[in-house]
There are 2 protein chains.
Amino acid sequence: MNMFIKGNQVRGHLETMVLSVLESEESHGFDIVKRLEAAGDGSLNLKEGTVYPVLYRLEDAKLLKAKWEENDSGRKGPRRKVYSLTAKGRKQLEAGRNEWKAFVNVVGGIVGGLS
Amino acid sequence: MNMFIKGNQVRGHLETMVLSVLESEESHGFDIVKRLEAAGDGSLNLKEGTVYPVLYRLEDAKLLKAKWEENDSGRKGPRRKVYSLTAKGRKQLEAGRNEWKAFVNVVGGIVGGLS
DNA sequence: GCATAATACAAGTTGACACACAGTACCTAG
DNA sequence: CTAGGTACTGTGTGTCAACTTGTATTATGC
């Protein structure tokens, strides 16, 4: 009964998904993965090794900025790299949402039953 | 102001799209491309070189069957290979539609704005 | 016969994602 | 104090579907 969304199907949408997750709240890589997983309710099957490269690409493209958060508060684990949207990233998110809508309309129009 | 849907974004959905197009009416490769293009209203940018391999895959997987239609009616062009859905293909189309719905729900839930 | 249109197919390239690790830091249990 | 678990960040190699471009076949019209 587990329906997994195939990796190929998120191709080209992952970047917008990551930007979306970061819109409401900045966070670090590991947390982003968990938030995406939670949002997908188990049907997304994202690994860190998939998401980190996306983050680098987005940072390179100046859509995200990152700062290191040292571990001085006694929590577990090493330091984290906290990502947040830049102005450019926010603009790109807008564009990505429009692309998403167009995509859903077109593909949905075909797949959803067309005379 | 032409908005093109990026190739990567249809990845993993093209097969279901092709099956959908063939559900209403059997047709041959070149026509399938044109019907997809028409359905996408110019925003899909599919080439024959993209669609034919999909058809081979689907035929290999017994989701489509093909028959040659010789050119004896005086129309232009060489003979055509006419594809139609098999029973298995129809079943797969159902599954593909469900996948599509799940995909739209999950990704739409993330991209479309999430608290 | 040459251009053009309709149709099928082939070959090589790309690039985002998958997979499977490797490395670092801290905490707790025994 | 050390073993194991958990929280993180990385990396390197492969895959495979989609892209690009080009070619082959048949018929019509000039």
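Note that these values count all heavy atoms, side chains included, but never hydrogens, waters or copies made by symmetry. Just so it is clear: chains get the letters A, B, ... in the order the sequence lines come, proteins before strands, and each one is counted from 1.
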inquiry  = Assuming nearest nucleotide by heavy-atom distance, tell me which of R79(B) and G7(B) is located more 5' along DNA chain D.
reply    = G7(B)
Rounded distance in Å - CG (N8(B)) to C1' (dT15(D)) = 14 Å
request  = Write down the distance between CZ (F103(A)) and C1' (dA18(D)), rounded to a whole number of angstrom.
outcome  = 13 Å
inquiry  = By nearest heavy atom, map R57(A) and Y56(B) onto DNA chain C; which one lands nearer the 5' end?
reply    = Y56(B)
ask   = Is a donor-acceptor pair below 3.5 Å formed from side chain R11(A) to base dA16(C), judging by atom type as modelled?
value = yes
key: Among dC9(C), dA18(D), dT9(D), the nucleotide that comes nearest once only the side chain of L14(B) is considered   = dA18(D)
Spacing of E69(A) atom CD relative to dC8(D) atom C1', expressed in whole Å = 12 Å
ask   = Are more than 12 heavy atoms from other residues, nucleotides or ligands located less than 6.0 Å from atom CG of N98(B)?
value = yes
key: Nearest-Å distance for atom pair NZ/C1', residues K6(A) and dA17(D)   = 13 Å
inquiry  = Please find the pair of heavy atoms, one from P53(A) and one from E48(A), that lie closest to each other, and give the distance.
reply    = CD-O, 4.1 Å
key: Check ion pair R97(A)-E23(A) (N to O, under 4.0 angstrom)   = yes
ask   = Does OP1 or OP2 of dA7(D) have a side-chain N or O of K34(A) closer than 4.0 Å?
value = no
note = Rounded to whole Å, the CG-C1' distance (D60(B) to dC16(D)) equals 15 Å
request  = Supply the atom-to-atom distance L55(B) CG to H28(B) NE2, rounded to the nearest 0.5 angstrom.
outcome  = 11.5 Å
Position toward the 5' end of DNA chain D (nearest nucleotide), P78(A) or I5(B) = P78(A)
inquiry  = Is the distance between the ring centroids of F103(A) and W100(B) under 6.0 Å?
reply    = yes
request  = Take atom CD of E15(A) and atom P of dG15(C), then tell me their distance rounded to the nearest Å.
outcome  = 13 Å
ask   = Base, sugar-phosphate, or nothing: which does R80(A) touch, judged by heavy atoms less than 4.0 Å apart?
value = sugar-phosphate
Whole angstrom value for the distance that separates P of dG10(D) from CG of L55(A) = 9 Å
Residue F30(B), side-chain heavy atoms: nucleotide from dA6(C), dC9(C), dA18(D) that is nearest = dA6(C)
key: Whole-Å gap separating C1' (dA22(C)) and CD (E48(A))   = 13 Å
ask   = If you look at every strand shown and take non-hydrogen atoms under 4.0 Å, does G49(B) touch a base, only sugar-phosphate, or nothing?
value = base
inquiry  = Less than 4.0 angstrom between a side-chain N/O of Y52(B) and OP1 or OP2 of dC9(C), yes or no?
reply    = no
